[in-house]
Engineer: 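Input: one structure, supplied below.
Everything numeric here is computed off the predicted structure, so don't read it as measured data.
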Amino acid sequence: MEQIHDIQVVPCTNSNYLKPFRVHYNQNGTKKSWDFMRTHDSVSVLIFNTTSHCFILVKQFRPAVYMCEWERTKEPAVQAAAGEEEGAAAAATAIPETPIGETPQEEAVATSGGVKTHQPPGSAGMTYELCAGLVDKADLLLEEIARQEVLEECGYDVPVAKLRRITSYSSGEGVTGAKQTMFYAEVSDENRVGEGGGLPQEGEMIEVVKVPLHEAMTFAYDESIPKTMGVIFSFIWFHNNMSPKYKISTNV
């Protein structure tokens, strides 16, 4: 899942998921404009396995996260290149430059502004998330869409009646303004009817991950673990609302 190759960045002229717009408006006598994306609303589900007392998350590759991480490596590379240019005369009389491709590290490179930057590993784009999906089926209730996502991504068959609505909120309000509705579902090993992993025909490649309850808050606040705000918020919600029921510390 982390073997990422043949990356190409091209203009997006047509998309089934994102539509860019620019809005002009007047706010208290001041003329303003803002760029935004129109996209689908979504649902997410905090899944708690009562058999093993763990949360069920999904882990997947997110190209946007990956490319942003790559962009962050370019500025240091440009600065380093500037420093190398200042000492070019001295470097010319030192050790000859090693041709690109002679070592595994140097094979994955790209050029940005004339500066070679190493392609980060695929793990740079992997994120831990709640089971989630787009609201793109007009004939289904949000709970029904959430149930489908739990089954497809995580392999648990959860009756709609067992889904508890937590709240809804704006998702990416600076860019999209779409709404996400979060649910809570308790499952047991008996509800596991499949492996999950998403729908291959839709290009999904998802790893199901278990986070023990007693490690949840440590996981939430560990900045070295890439995760969505939905994971952090939902773990806090569970600690405040459900932990007393199980009489187990979430290790805050």
Engineer: Measure from NZ or CZ of Lys179 to the centre of the six-membered ring of Tyr169, then state whether that distance is under 6.0 Å and the direction lies within 45° of the axis.
Structural biologist: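 No cation-pi geometry.
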Engineer: Would the number of heavy atoms belonging to other residues, nucleotides or ligands and lying under 6.0 Å from CD of Glu202 be above 12?
Structural biologist: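 Correct, the count exceeds 12.
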Engineer: With a 4.5 Å heavy-atom cut-off, do Cys154 and Ile56 have their side chains touching?
Structural biologist: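 The answer is yes, as the side chains (C-beta and beyond) meet within the 4.5 Å cut-off.
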Engineer: Just wondering, are more than 12 heavy atoms of other shown residues or ligands nearer than 6.0 Å to CE in Met1?
Structural biologist: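 Buried by this count: over 12 neighbours within 6.0 Å.
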Engineer: For side chain to side chain donor-acceptor pair (under 3.5 Å), just list the numbers for Tyr156 and Asn49, CA-CA rounded to whole Å, side-chain angles, deciding distance to a tenth of an Å, and then say yes or no.
Structural biologist: CA-CA 10 Å; Tyr156 290 92; Asn49 188 314; 3.2 Å; yes
Engineer: Find out whether the Lys NZ or Arg CZ of Arg164 is both under 6.0 angstrom from the six-membered ring centre of Phe183 and within 45° of the ring's axis.
Structural biologist: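 Pair Arg164/Phe183 does not count as cation-pi.
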Engineer: Using 0.5 Å steps for rounding, measure from the CG atom of Leu57 to the OG atom of Ser234.
Structural biologist: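 Rounded to the nearest 0.5 Å, the CG-OG separation comes out at 7.5 Å.
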Engineer: Between Tyr184 and Phe48, is the ring centroid distance below 6.0 Å?
Structural biologist: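 They do not qualify: ring centres at least 6.0 Å apart.
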Engineer: Let me know which of Ser168, Ser171, Ser42 forms a side-chain hydrogen bond (donor to acceptor under 3.5 Å, both in side chains) with Gln180.
Structural biologist: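 For Gln180, the side-chain hydrogen bond (donor to acceptor under 3.5 Å, both in side chains) check succeeds only for Ser42.
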Engineer: Mind checking the OG1-CG spacing from Thr39 to Leu18? Nearest 0.5 Å is all I need.
Structural biologist: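 That separation rounds to 5.0 Å.
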Engineer: Charged N to carboxylate O below 4.0 Å: is that the case for Lys137 and Glu144?
Structural biologist: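 Result for this pair is no, no salt bridge flagged.
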Engineer: Between Thr50 and Glu186, does any side-chain donor sit less than 3.5 Å from a side-chain acceptor?
Structural biologist: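 Distance-only check fails for Thr50 and Glu186.
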Engineer: Do the ring centers of Phe55 and Phe219 come within less than 6.0 Å of each other?
Structural biologist: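 Ring-ring flag for Phe55/Phe219: false, centres at least 6.0 Å apart.
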Engineer: Run Ser224 and Asp222 through side chain to side chain donor-acceptor pair (under 3.5 Å) and show every step you take.
Structural biologist: CA-CA 5 Å; Ser224 69; Asp222 187 342; 2.6 Å; yes
Engineer: With side chains defined as the heavy atoms from C-beta onward, is the minimum distance between Phe36 and Val23 less than 4.5 Å?
Structural biologist: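 In short, these two side chains touch, coming nearer than 4.5 Å.
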Engineer: Under 4.0 Å between a Lys/Arg side-chain N and an Asp/Glu carboxylate O for Arg22 and Asp35?
Structural biologist: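 A salt bridge links Arg22 with Asp35.
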Engineer: Just so I know, are the side chains of Phe238 and Ser243 near enough to count as touching, which here means a heavy-atom distance under 4.5 Å?
Structural biologist: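 When only atoms from C-beta onward are counted, Ser243 and Phe238 do touch, with a gap below 4.5 Å.
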Engineer: Is Thr181 close to Arg165 at the side-chain level, that is, under 4.5 Å between some pair of heavy atoms?
Structural biologist: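 Yes, at least one pair of side-chain atoms sits under 4.5 Å.
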Engineer: What distance do Met182 atom CE and Leu46 atom CG have between them, rounded to the nearest 0.5 Å?
Structural biologist: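 Taking CE in Met182 and CG in Leu46, the distance rounds to 7.5 Å.
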Engineer: Can you see which heavy atom on Val58 is nearest to which on Leu130, and at what distance?
Structural biologist: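 Taking every non-hydrogen atom into account, CG2-O, 3.7 Å.
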Engineer: I want to check something: taking the side chain as every heavy atom from C-beta on, are Arg147 and Leu163 in contact at a cut-off of under 4.5 Å?
Structural biologist: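 A side-chain contact under 4.5 Å exists here.
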Engineer: Walk me through it: do Val135 and Leu142 pass the test side chain to side chain contact (heavy atoms under 4.5 Å, CB included)?
Structural biologist: CA-CA 7 Å; Val135 178; Leu142 295 181; 3.7 Å; yes
Engineer: In Å and rounded to the nearest 0.5 Å, what is the CD to CD distance from Glu207 to Glu2?
Structural biologist: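 Answer for the CD-CD pair, Glu207 versus Glu2, is 8.0 Å.
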Engineer: Rounded to the nearest 0.5 Å, what separates atom OG1 in Thr176 from atom CE in Met37?
Structural biologist: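 Here the rounded value is 9.5 Å.
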